[in-house]
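Working notes, structure below.
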Amino acid sequence: KIIARVIQEGQAQQVIRDGPPLLLASIFFGCVLRPIIVDRSTHHSDFDLCNDVHAEQIIAWAAWAAVKRSSDEHIVGPIADNG
């Protein structure tokens with residue numbers, strides 16, 4: 001719940017995209033944790049998190065990109081139809 005509060009604060013400052021804070025937190029953590037799970041569960045991974053100096057940067061970039069508000073953010077699809 002701590003990360004959800006951080007996301008709510010970011011939404012109030014218009015830094016984080018609109019959406020349910022817990023869902024956005026789940027997406028953020030999915031971006032961070034899934035590469036670790038894949039790396040640990042495969043013998044011949046396409047990447048090696050322990051030895052790839054850029055992996056941490058790429059994961060952080062992807063997690064941030066998933067939750068940050070973009071300057072041209074438009075909601076499309078079922079969410080837009082409900083509001």
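The structure presented is a predicted model; accordingly, all values stated were derived computationally and were not measured.
- Here I59 pairs with V32, P35, L49 under the side chain to side chain contact (heavy atoms under 4.5 Å, CB included) rule; sequence neighbours left out.
- Note: F29 CZ to I3 CD1 = 4.5 Å, rounded to the nearest 0.5 Å.
- Of the inter-residue distances, the one linking F28 atom CZ with K68 atom NZ reads 13.5 Å to the nearest 0.5 angstrom.
- Grouped by direct or indirect side-chain proximity (heavy atoms under 4.5 Å, Ile/Leu/Val/Met/Phe/Trp/Tyr only), L22 sits alone.
- Scanning both residues, C31 and A66, for their nearest heavy atoms gives SG-CB, 3.9 Å.
- The structure places CZ of R5 at 8.5 Å from CD of Q8, a figure rounded to the nearest 0.5 Å.
- Taking all atoms of both residues into account, the shortest heavy-atom contact from Q11 to G19 is NE2-O, 2.8 Å.
- For W64, the CH2 atom counts as densely surrounded, since its 6.0 Å shell holds more than 12 non-hydrogen atoms of other residues, nucleotides or ligands.
- A distance of 6.0 Å separates CG in D52 from CD1 in I58, rounded to the nearest 0.5 Å.
- Atom CZ of R17 sits about 8.0 Å away from atom CD1 of I27, to the nearest 0.5 Å.
- What you find for V67 and I16 is that their closest heavy atoms are O-CG2, 3.3 Å.
- In I37, the CD1 atom is crowded: over 12 heavy atoms of neighbouring residues, nucleotides or ligands sit closer than 6.0 Å.
- Atom CD1 of residue I7 and atom OG of residue S26 lie 8.5 Å apart, to the nearest 0.5 angstrom.
- Taking Q13 as the reference, nothing meets the side-chain hydrogen bond (donor to acceptor under 3.5 Å, both in side chains) condition, with sequence neighbours excluded.
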